[in-house]
Amino acid sequence: MLNNKIKGLGEIILRVRDMELMKKFYNQTIGLELIYESENYSFFKIANGYGGHNQTLALFAKSNLNAFNEKFGDIKTRSSTLHHLALEIDKIDYENILKFFERNNIEYVTEVFEWIKWKSIFIKDPESNIVEFVCHDPEI
């Protein structure tokens with residue numbers, strides 16, 4: 001088993017149809033730092049990771065092949081297993097993030113997970129991927 005070898009989440013990759021729109025959303029709306037970009041890729045730093053590898057969100061243009069040399073059209077995008085991606089936030093930032101979404105007319109949904117003491121805010125990016133902002137709240 002590899003569970004004692006895993007040090008954290010390295011990256012999440014989303015294949016995107018509109019690179020500029022998605023890049024603008026994750027940089028200007030969400031506030032992730034753009035650390036590398038090319039015609040086909042955009043990498044954003046989420047947080048410091050392990051051993052010098054940042055926790056990263058990457059956007060790949062749909063024309064890129066994946067690690068198995070599959071084109072975007074070969075992948076069954078209608079039945080993707082991606083449910084959502086979650087970004088950890090500090091409990092003290094929760095209300096300010098809600099207010100930001102309200103001020104900017106960004107539709108959101110909230111949910112409380114009592115069993116684990118989490119509060120979450122869910123939004124959709126421009127290509128309808130669900131992004132969760134989650135914090136631990138021991139007072140739940």
Side-chain angles (χ1 to χ4, degrees):
M1 241 204 295
L2 294 177
N3 63 346
N4 62 344
K5 303 292 183 201
I6 306 299
K7 305 299 182 198
L9 179 64
E11 58 194 24
I12 298 169
I13 312 294
L14 298 176
R15 286 188 180 263
V16 302
R17 292 172 181 80
D18 188 330
M19 180 66 75
E20 290 306 312
L21 182 63
M22 294 288 279
K23 188 168 55 174
K24 181 179 176 184
F25 176 81
Y26 282 100
N27 180 243
Q28 295 178 12
T29 302
I30 302 300
L32 296 180
E33 175 189 357
L34 181 64
I35 57 175
Y36 178 80
E37 66 179 316
S38 71
E39 181 180 335
N40 294 312
Y41 309 101
S42 295
F43 285 80
F44 298 89
K45 180 180 178 181
I46 295 173
N48 292 331
Y50 177 79
H53 185 287
N54 293 324
Q55 294 179 7
T56 305
L57 169 70
L59 307 177
F60 282 22
K62 68 178 182 176
S63 59
N64 291 334
L65 299 177
N66 69 14
F68 295 93
N69 290 318
E70 297 169 316
K71 296 177 186 172
F72 184 74
D74 297 336
I75 299 168
K76 295 176 177 61
T77 56
R78 292 186 191 269
S79 61
S80 169
T81 58
L82 176 67
H83 187 276
H84 71 280
L85 60 103
L87 303 172
E88 290 181 314
I89 60 172
D90 196 296
K91 177 185 162 190
I92 63 173
D93 294 323
Y94 183 89
E95 291 299 325
N96 288 332
I97 290 171
L98 280 177
K99 290 175 187 172
F100 173 81
F101 293 150
E102 288 170 2
R103 279 194 314 271
N104 290 281
N105 295 316
I106 297 172
E107 181 181 6
Y108 65 88
V109 174
T110 61
E111 191 165 350
V112 174
F113 301 93
E114 292 181 12
W115 67 275
I116 200 163
K117 300 187 181 308
W118 289 354
K119 293 193 307 191
S120 296
I121 308 164
F122 297 89
I123 65 169
K124 289 185 180 180
D125 74 15
E127 293 191 4
S128 295
N129 297 297
I130 297 173
V131 181
E132 176 185 10
F133 298 83
V134 60
C135 67
H136 182 258
D137 185 347
E139 297 171 10
I140 293 176

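Any value given below was found using the heavy atoms of this structure, including those in side chains, with hydrogens, waters and symmetry copies removed.
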**Student:** So do Glu11 and Ile13 actually touch side chain to side chain, heavy atoms under 4.5 Å?
**Tutor:** yes
**Student:** Nearest 0.5 Å, what's the CG-OG distance between Leu87 and Ser120?
**Tutor:** 11.0 Å
**Student:** Going from CD1 on Ile46 to CG on Leu85, what distance comes out if it is rounded to the nearest 0.5 angstrom?
**Tutor:** 7.0 Å
**Student:** As an exercise, state the distance from SG of Cys135 to NZ of Lys117, rounded to the nearest 0.5 Å.
**Tutor:** 13.0 Å
**Student:** Distance check, rounded to the nearest 0.5 Å: Ile97 atom CD1 versus Ile92 atom CD1?
**Tutor:** 10.5 Å
**Student:** Quick one: which residue pairs count as a side-chain hydrogen bond (donor to acceptor under 3.5 Å, both in side chains) with a foot in residues 93-102, not counting sequence neighbours?
**Tutor:** Glu102-Tyr108
**Student:** Do you reckon Leu98 sits in the same ILVMFWY cluster as Phe100, going by side-chain contacts under 4.5 Å, direct or chained?
**Tutor:** yes
**Student:** Indicate every side-chain donor-acceptor pair of residues 19-27 with a distance under 3.5 Å to a residue at least two apart or in another chain.
**Tutor:**
residue	atom	partner	partner atom	Å
Glu20	OE2	Lys23	NZ	3.1
Lys23	NZ	Glu37	OE1	2.5
Tyr26	OH	Asp125	OD2	2.7
Asn27	ND2	Leu32	O	2.9

**Student:** For the residue pair Ser42 and Leu34, what are the closest heavy atoms and their distance?
**Tutor:** CB-CD1, 4.1 Å
**Student:** Rounded at 0.5 Å granularity, tell me how far OH in Tyr36 sits from CZ in Phe43.
**Tutor:** 8.0 Å
**Student:** Determine all donor-acceptor pairs shorter than 3.5 Å in which one atom belongs to a side chain in residues 48-59; sequence neighbours excluded.
**Tutor:**
residue	atom	partner	partner atom	Å
Asn48	OD1	Lys45	NZ	2.7
Thr56	OG1	Asn54	O	3.0

**Student:** Got a donor-acceptor contact below 3.5 angstrom from the Asn104 side chain to the Ile106 backbone?
**Tutor:** no
**Student:** Name all residues meeting the salt bridge (charged side-chain N to carboxylate O under 4.0 Å, His left out) criterion together with Lys91; count only those two or more places apart in sequence or in a different chain, and write none if there are none.
**Tutor:** Asp137, Glu139
**Student:** Within the supplied structure, the quantity of interest is the number of heavy atoms (other residues, nucleotides, ligands) at a distance under 6.0 Å from Glu127 CD; does it exceed 12?
**Tutor:** yes
**Student:** Hydrophobic side-chain clustering at under 4.5 Å (ILVMFWY, transitive links): who's grouped with Ile140? Put none if nobody.
**Tutor:** Val112
**Student:** How long is the gap from OG1 on Thr29 to CD1 on Ile123, to the nearest 0.5 Å?
**Tutor:** 7.5 Å
**Student:** Scan residues 121-140 for pairs that pass ring-ring contact (aromatic ring centres under 6.0 Å, His included), counting only residues two or more places apart or in two chains.
**Tutor:** His84-Phe122, Phe101-Phe133
